[in-house]
There are 4 protein chains.
Amino acid sequence: MPRTPARTPDAGRRSERSRRAILDASLALVGEVGYHRLTIEAIAARAGVGKQTIYRWWPSKAAVLLDAFTARTEDPEYAAGLPDTGDLAADLKLVLRATVDEFDDPAFEAPYRALAVAGALDPDLSRQFTERLNEPGLAAYRDRLRSAREAGQIAPGTDLDVAVELLTGPFFARWLSRSGGLTHAFTDALVDTVLAGLRPRDS
Amino acid sequence: MPRTPARTPDAGRRSERSRRAILDASLALVGEVGYHRLTIEAIAARAGVGKQTIYRWWPSKAAVLLDAFTARTEDPEYAAGLPDTGDLAADLKLVLRATVDEFDDPAFEAPYRALAVAGALDPDLSRQFTERLNEPGLAAYRDRLRSAREAGQIAPGTDLDVAVELLTGPFFARWLSRSGGLTHAFTDALVDTVLAGLRPRDS
Amino acid sequence: MPRTPARTPDAGRRSERSRRAILDASLALVGEVGYHRLTIEAIAARAGVGKQTIYRWWPSKAAVLLDAFTARTEDPEYAAGLPDTGDLAADLKLVLRATVDEFDDPAFEAPYRALAVAGALDPDLSRQFTERLNEPGLAAYRDRLRSAREAGQIAPGTDLDVAVELLTGPFFARWLSRSGGLTHAFTDALVDTVLAGLRPRDS
Amino acid sequence: MPRTPARTPDAGRRSERSRRAILDASLALVGEVGYHRLTIEAIAARAGVGKQTIYRWWPSKAAVLLDAFTARTEDPEYAAGLPDTGDLAADLKLVLRATVDEFDDPAFEAPYRALAVAGALDPDLSRQFTERLNEPGLAAYRDRLRSAREAGQIAPGTDLDVAVELLTGPFFARWLSRSGGLTHAFTDALVDTVLAGLRPRDS
DNA sequence: GATTAACCGAGACGGTACGTCAAGTCTTCCT
DNA sequence: AGGAAGACTTGACGTACCGTCTCGGTTAATC
């Protein structure tokens, strides 16, 4: 006889109306007051929802936020992958410049930062954050680099993981610690230097 | 005209005894319970100190932690700079491997992560965190790279800031998001790829 | 249009269990430690209740105490009025002697003194204290004196309010300022002198 | 050699300047903010004095207030006693009307109420309050009544203590509990009724 | 169509920690 | 040595949210 001590609610009867209201409210609030002043009570009040309805479906405010944020990025052609014009440097610069622009929008930046931070403190959340938000993007980079490697544009022995991290890590670090401006010039320089390091060895 | 809106206590009469006890207690506690379960009340209790004594001298628990952490790194020969054996790759690998080891120690890792996270949410704190903990370390890298540039070991047009971020950014990103192992192999690969990208242009 | 600026909790959902526990705890504690060492926190702890549950329903510890004290005197046949045997002096002496005995009991005296004092400092509370605790008792005296006036036992022009205050005021003053013993002899003397003053004018 | 463990400061070196400033400040403040919002810190700040200087010489804020209040009533011809024109009723009414007027002045009423209340809660203070403020006044009443008794204007067996309390108790009770107006009519009625009760028995 | 079980809004509950205030003590420097 | 100043420990304040728990009221699937 199966015992399910942790009350598992019946997802079939879930109110879609409430779910949307909660996700919307949490995104709006995190932008208004910041992550550490975001409270479950405020989300519930704003969403016109009982607190229990949040606790029933999510384990923490970070999980709510993750769902709220993911909802935006899951539907569209986000899974399109990087462009592949044959010019690796140009393709990478294009995408990184677009990312710079994206991070300029507070509506995107605020919840994303909140999630990055929450993930840094909570390994469980971190895994989910990585899987659902980060990994798809990184995989696109990896695919593009693999294609370039096969075309002989970068060294055949290139570790694609490290290569991707060389492109995104400095960006992430500069963004999170606000230690420098996130500019197109910066990402262009990243691409140039990294690609120079990945160039096939001279004969 | 000097404005003193917030009651500024007289630092001359400050109790060194209490200050040390608070810094010690906060470091110990952040290791035991983690940052978001660290409370001012617990620090005060552990330090045998009134809460007000903490509020009098620090604006937040993050600021306490920053002082506590900084105290450890300020006195010693920490400001020594990087070794300079003439072999740039070897020197960088040595230092990054040492950093990997340092981040393996929870007594170091826990408060450092807490501060990185707190800084990510609070620009004010972020600035302090950068100035007092990060910048000195990065300057050491910059110095070593400048010396290499003068010796003609890397391209004369190299942007030292970007170069340093290429070395440290991926490390920081992997550490904070726990997206991969912090190993000597990883940092070695970083150094090799980045230095390849910085190599002087072939004649 | 009714305005309810201060969050008004829903009395229907109120926990009777908590209410009783709070009233009991406050009476017990005021007897143990005295009024000015009585704290909301201690009441909450003793009652096994969150502080907010007290703040939700009462504006101050004095208000709690007033409810606690009133609860004791509301239910019983306390509203019985004074005896009326036809012998005014005897009836008054009987009741005042009983009151003396009542004030001898610390379980009664301590909270009553606390309330008298709190009322002396807070007009709002004072009004409630008067209405709910004092006035009913005084009305009983007034009724008894009115009956005597109609029977021609005291002067027809007697101001009943003043007459009651002559009987109770000296008692109250002596009690509150501890300036003399509260004895049967004292209250008997009060009754005799006051009634002598109220006797119908000699023809 | 006698040991005085309780540090007894040397009254000879006491600063008269500070003493006056403290007494003045406490009277002013009790009028402005009321007794239970009166703090030692505020007194010290207003008086331009260190807190320790207050704690050195007084055991509590009530004691400070008692001294402050007593200082006003000690110097003048306050010890003059009641007038004795031969007309007892007139003399009593005159004095009680003057007392009514005195209690109309907040500068008098506020600290006096504070002291009465503090005394009600603290038997030690109560004794001092009685001895230094109340008793002298009551003695004056007693003296006047004794003179009247000797003149045969009131019954020879009259208990002077009870008689005085009949005159002052209702006044005190009405004042402290704010249960009625303090008017000349009220005190006149008191005098008339009480004196009627004290009239020598008809032969 | 009635029953019934779940979700839902609402919000009271026992708690924990907050940041503030004042108490009374201690220490330092000044007169 | 007293006094001005103010930092110290202590402890209570009243508030904000936590996560849990009832309480009617829908709402959907089952009888």
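Values below: every heavy atom of this structure, side chains too, minus hydrogens, waters and symmetry copies. In what follows, chains are A, B, ... by sequence order, proteins preceding strands, each numbered from 1.
In the set F:dA16, F:dA4, E:dA10, F:dA4 carries the atom at the smallest distance from any side-chain atom of D:Val49. Taking only side-chain atoms of B:Gln52, from C-beta outward, the nucleotide of E:dC13, F:dT10, F:dT15 with the closest atom is F:dT10. With F:dG19, F:dT9, E:dC13 as the candidates, the nucleotide lying closest to the side chain of B:Ser18 is F:dT9. For C:Thr53, the side-chain atoms get nearest to E:dG14 when compared with the rest of E:dG14, F:dT9, E:dC18. Here the side chain of A:Pro9 is nearest to one of F:dG3, E:dC7, F:dC8, namely E:dC7. Comparing E:dA6, F:dA7, E:dA12 by their closest approach to the side chain of A:Asp10 singles out E:dA6.
Counting heavy atoms from C-beta outward, B:Tyr55 and B:Gln52 have side chains that approach closer than 4.5 Å. For the pair D:Leu38/D:Leu65, a side-chain contact is recorded, criterion being any heavy-atom separation below 4.5 Å from C-beta on. A:Trp58 is not listed as a side-chain neighbour of A:Leu66, based on a closest heavy-atom distance of 4.5 Å or more. Put simply, the side chain of B:His36 does not reach to within 4.5 Å of the side chain of A:His36, judged on heavy atoms.
Between B:Lys61 atom NZ and E:dA17 atom P the separation is 10 Å, expressed in whole Å. Rounded to whole Å, atom P of E:dC7 lies 16 Å from atom CZ of A:Arg19. In this structure, CD1 of A:Ile22 is placed 11 Å from C1' of E:dG9, rounded to the nearest angstrom. At whole-Å resolution of the value, CD1 in C:Ile54 and C1' in F:dC13 are 13 Å apart. Between the P atom of E:dC26 and the CD atom of B:Glu16 lies a distance of 22 Å, rounded to the nearest Å. When rounded to the nearest whole Å, the span between CZ of D:Arg17 and P of E:dT31 equals 14 Å. Between D:Leu29 atom CG and E:dA22 atom P there is a gap of 12 Å when expressed in whole angstrom units.
In terms of heavy atoms, C:Leu125 sits closest to C:Ala118 at CD2-CB, 3.4 Å.
In this structure, the side-chain contact (heavy atoms from CB on, under 4.5 Å) partners of A:Glu16, at least two apart in sequence or on a different chain, are A:Arg19, A:Arg20. Under the rule for a side-chain contact (heavy atoms from CB on, under 4.5 Å), the partners of C:Ala28 that lie at least two apart in sequence or sit in another chain are C:Glu32, C:Arg46. Qualifying side-chain contact (heavy atoms from CB on, under 4.5 Å) partners for A:Ala68, counting only residues two or more places apart in sequence or in other chains: A:Leu23, A:Ser26, A:Leu27.
The residue among C:Lys51 and B:Ala11 whose nearest nucleotide of DNA chain F is located toward the 5' end is B:Ala11. With DNA chain E read from its 5' end, the first of the two nearest nucleotides for A:Arg14 and C:Gly48 is the one closest to A:Arg14.
Distances shorter than 4.0 Å separate some side-chain N or O of C:Arg56 from OP1 or OP2 on E:dC13. Regarding contacts with the backbone of E:dC8, a side-chain N or O of A:Trp57 is found under 4.0 angstrom from either OP1 or OP2.
Contacts between residues 33-44 of chain D and DNA chain F, defined by a heavy-atom separation under 4.0 Å, are absent. Of all the residues in residues 113-129 of chain B, not one reaches under 4.0 Å from DNA chain F with any non-hydrogen atom.
If you take CZ on C:Phe69 and CZ on C:Phe129, they are separated by 8.0 Å, rounding to the nearest 0.5 Å. Atom CD1 in D:Ile22 sits 8.0 Å away from atom OG in D:Ser15 (nearest 0.5 Å).
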(message) Treating primed atoms plus P, OP1 and OP2 as sugar-phosphate and everything else as base, which nucleotides of nucleotides 24-31 of chain F get B, S or - for protein heavy atoms under 4.0 Å?
(response) ----B---
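The residue A:Gly12 sits apart from the nucleic acid: no heavy atom pair falls under 4.0 Å.
Looking at D:Arg132 and D:Asp67, a side-chain N of the basic residue comes within less than 4.0 Å of a carboxylate O on the acidic one, giving a salt bridge.
At least one cation-pi condition fails for A:Arg13 and A:Trp57: the charged atom is not both under 6.0 angstrom from the six-membered ring centre and inside a 45 degree cone around its axis.
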(message) Under the criterion side chain to side chain contact (heavy atoms under 4.5 Å, CB included), I'd like the reasoning laid out for B:Tyr35 against B:Leu115: C-alpha separation, chi angles, the key distance, then a yes or no.
(response) CA-CA 9 Å; B:Tyr35 180 65; B:Leu115 288 169; over 6 Å; no
